[in-house]
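For reference, the structure is listed below as structure tokens.
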Amino acid sequence: MNMYVVFIRKARQSSFLFLDLLTMKRTKIKDLLISAEFGQRVTVKGWVRTFRNNQFIAINDGSSINNIQAVVDFEATDPALLKRITTGAAVSVTGILTESLGKGQQVELKADTVEILGDCDAEKYPLQPKKHSLEFLREIAHLRFRTNTFNAVFKVRNALSFAIHQFFQERGFVYMHSPIITGSDAEGAGEMFRVTTIDFDNVPRNEDGSVNFKEDFFGKSTNLTVSGQLEGELAALAFGEIYTFGPTFRAENSNTTRHLAEFWMIEPEMAFYELDDNMDLAEDLLKYVIKYALEHCKEELEFLKNRLLEEEKQKPQAERSDLDLISKLNFCLDNSFERVTYTEAIDILKSSKPNQKKQFKYLIDNWGADLQSEHERFLVEKHFKKPVILTDYPADIKAFYMKQNDVDAQGHSTVRAMDILFPGIGEIVGGSQREENLEKLERRMAEMHIPAEEMSWFLDTRRFGTVPHSGFGLGFERLVLFVTGMTNIRDVIPFPRTPKNAEF
RNA sequence: UCUCGAGUAGCUCAGCCGGUUAGAGCAUCUGACUGUUAAUCAGAGGGUCGCUGGUUCGAGCCCAGCCUCGAGAGCCA
């Protein structure tokens, strides 16, 4: 009730007529552009993209990447009103839907009533009807939604997000909300952001001078989650198959085009899945959501494809990709991901041209070396030319919870890990079969100096009815990067959080 | 965090070997035109050359430190 009163007051104060707001139905531009029902009187509400020749308003309401052109009879319109039709202004235009006389569009709106819902000072409005750099748009992230590129990017992001839920729901997975605030600091997935209500000007101290977290909000030291995996495992060992999809936080000082301090991650966890089942699921998921985007975001992907082609024209021939965006996505659907073990990958890399010719910055000579970006890129972009799943990594370079393989004939200790590498993105999925044997897990934790006491709740899964199980983490923004063809992760999340930047 | 590059008008950029009053296109404003497609044409306004210090008769340009941005690397999803 109160909200309704506030609404009426606000509406009365503003420049448009309150009655209009209630009586005039608006039609979405997306629907009008595919309509052939000429002669209808309709109302469109949106934002002015350009106002050409004192008579053509390109209006966008976000429903479509495309604008509708409203034609104003400037000789019969108050010049003061015409002056207020500026780029960025919010307008309500009513008129007759007609077949366009001009060449650039099928449909247009012969306007009889133009109402300015919200003025936009052209001298101050930063968006111009021209191409802006992504760097500049990043600085005005609150306004970049109003551009074609970001309309497309965030529509695709939305579709992918929905498709992920649909994929898992169709398969009976339970969507589980893992905690955002976590009390365990042993997950080992990276540097954490501290969560506290401690007054920094008056920090409670223990006798030895250390901070007394008993005085803090939770009575202990707490952080933002770096992974929901451990909690996911608890649920999986009751529901069978679960997934999480939520924000994740890493306080790493990473300054790259593929890292964020706050990002979204999908973490399925499945009881009774071994590594092959895990890989099958991950590959199916990726293909399913890419297919969904191709089917549901045709216009957006077409736009992004052309945007990329334009961008590639600036590059030398050798650096251009052989496939356009949509072909690349289809190629991904039509081919199975290459599955190779770490050991096989090392052999391929050892005998590879860049290794022989010493073109790698880090040359591959021994089994056990961690693969660098350049090696992953070689495997994916040069050698196999498609997504690659690397499995069975050396135990020493992977997390404590991964299932240990038997030591092989060469004496190598490996774990049942799997990383999915995508062209241009690198690691998009990281996962493993989990070590379900309590003794083996505890031994590994001791070796890696992980305090078992704090992890007792996690180890209970192995104490009480343990089963083989697997899971993985999919970096959502990296997926959006791949599908949209964008190259900087800061351009596929509305408000990126990176070192030295938490604007908006 | 490391390496490299950049920071000049609202945006994108030029600015020669250090030399007088720092330029262009687009945007904005004014006028003209009126079926345009980032409309066009004419004119006008718009600058703490990232910041601080130094070298010099003189610094947008050279040097040092810092800040910010970008690309790559590390860490990872």
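All values below were derived from every heavy atom in this structure, side-chain atoms included, with hydrogens, water molecules and symmetry-related copies excluded. Letters A, B, ... are given to chains in the order of the sequence lines, protein chains preceding strands, and every chain is numbered from 1.
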Just to be sure I understand the rule, does [X] reach a base, reach only the sugar-phosphate, or reach nothing, if contact means heavy atoms closer than 4.0 Å?
| X | value |
| --- | --- |
| A:Asn255 | base |
| A:Leu479 | nothing |
| A:His132 | sugar-phosphate |

Closest-nucleotide mapping onto RNA chain B: is A:Asn253 or A:Pro126 further toward the 5' terminus? I mean the 5' end.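 Nearest-nucleotide comparison on RNA chain B picks A:Asn253.
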
Go nucleotide by nucleotide along RNA chain B from the 5' end; which of A:Asn501 and A:Ala261 gets its closest nucleotide reached first?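 Looking at the nearest nucleotide for each, A:Asn501 comes out on the 5' side.
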
Could you check which of B:A77, B:G70, B:C75 has an atom nearest any side-chain atom of A:Arg250?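 Output: B:A77.
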
Below 4.0 angstrom from OP1 or OP2 of [N], is there any side-chain N or O of [X]?
| X | N | answer |
| --- | --- | --- |
| A:Ser373 | B:G74 | yes |
| A:Arg138 | B:G70 | yes |
| A:Gln372 | B:G74 | yes |
| A:Arg258 | B:A71 | no |

Would you measure the distance from the [atom1] atom in [N] across to the matching atom in [M] and give it in whole Å?
| N | M | atom1 | answer |
| --- | --- | --- | --- |
| B:G25 | B:G18 | C1' | 28 Å |
| B:C66 | B:A27 | C1' | 33 Å |
| B:U8 | B:C61 | P | 13 Å |
| B:C69 | B:G23 | P | 31 Å |
| B:A9 | B:U48 | C1' | 13 Å |
| B:C41 | B:U1 | P | 49 Å |
| B:G46 | B:U56 | C1' | 32 Å |
| B:A6 | B:A42 | P | 36 Å |

Full working for side-chain contact (heavy atoms from CB on, under 4.5 Å) between A:Phe303 and A:Arg307: CA-CA 6 Å; A:Phe303 175 85; A:Arg307 202 193 85 85; 4.2 Å; yes

Gap between atoms CG and P, on A:Leu134 and B:G70 respectively (whole Å):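 Nearest whole value for this atom pair: 11 Å.
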
Atom CD of A:Glu376 to atom C1' of B:A77: distance rounded to whole Å?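 Taking atom C1' of B:A77 as the reference, CD of A:Glu376 is at 12 Å.
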
Pairing partner of B:A42 (Watson-Crick or G-U wobble, both distances under 3.5 Å):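 B:U30 is the nucleotide pairing with B:A42.
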
Once ring pair (Phe, Tyr, Trp, His ring centres under 6.0 Å) is applied, do any residues pair with A:Phe249, and if so which ones, sequence neighbours excluded?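 A:Phe249 satisfies ring pair (Phe, Tyr, Trp, His ring centres under 6.0 Å) with no other residue.
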
Does A:Arg478 make a side-chain donor-acceptor contact with the base of B:C76, cut-off 3.5 Å?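 Side chain to base: pair present.
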
Measure distances between side-chain N and O atoms of A:Ser254 and base N and O atoms of B:C76, and say whether any donor-acceptor pair falls under 3.5 Å.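 Result: no qualifying N/O pair found.
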
Answer yes or no on whether A:Lys83 is positioned over the face of A:Phe51, meaning its NZ or CZ is under 6.0 Å from the six-membered ring centre and within 45° of the axis.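 A:Lys83 over A:Phe51 ring: no.
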
On the six-membered ring of A:Phe167, is A:Arg171 placed so that its NZ or CZ lies under 6.0 angstrom from the centre and within 45° of the ring axis?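 Because its charged atom sits under 6.0 Å from the ring centre and within 45° of the axis, A:Arg171 does stack over A:Phe167.
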
What string of B, S and - do you get for nucleotides 28-45 of chain B, 5' to 3', when a contact is any protein heavy atom under 4.0 Å? SSS---BBBBBB------

Fit a plane to each ring of A:Phe458 and A:Phe400, take the angle between them on a 0 to 90° scale, and name the class: parallel (under 30°), tilted (30 to 60°) or perpendicular (over 60°).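 Because their plane-to-plane angle is over 60°, the rings of A:Phe458 and A:Phe400 count as perpendicular.
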
Salt-bridge test for A:Asp491 and A:Arg138: reply yes if a basic N is under 4.0 Å from a carboxylate O, no otherwise.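 Yes.
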
Under 4.0 Å between a Lys/Arg side-chain N and an Asp/Glu carboxylate O for A:Glu269 and A:Arg434?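 Counted as a salt bridge, because a side-chain N and a carboxylate O are separated by less than 4.0 Å.
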
If the glycosidic angle is within 90 degrees of 0 it's syn, otherwise anti, so just tell me which one B:C33 is.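 Anti, which is what one calls it when the glycosidic angle falls more than 90° from 0.
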
Pick out which of A:Leu97, A:Ile57, A:Ile59 makes a side-chain contact (heavy atoms from CB on, under 4.5 Å) with A:Val44.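 Looking at A:Leu97, A:Ile57, A:Ile59, the match for A:Val44 under the side-chain contact (heavy atoms from CB on, under 4.5 Å) is A:Ile59.
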
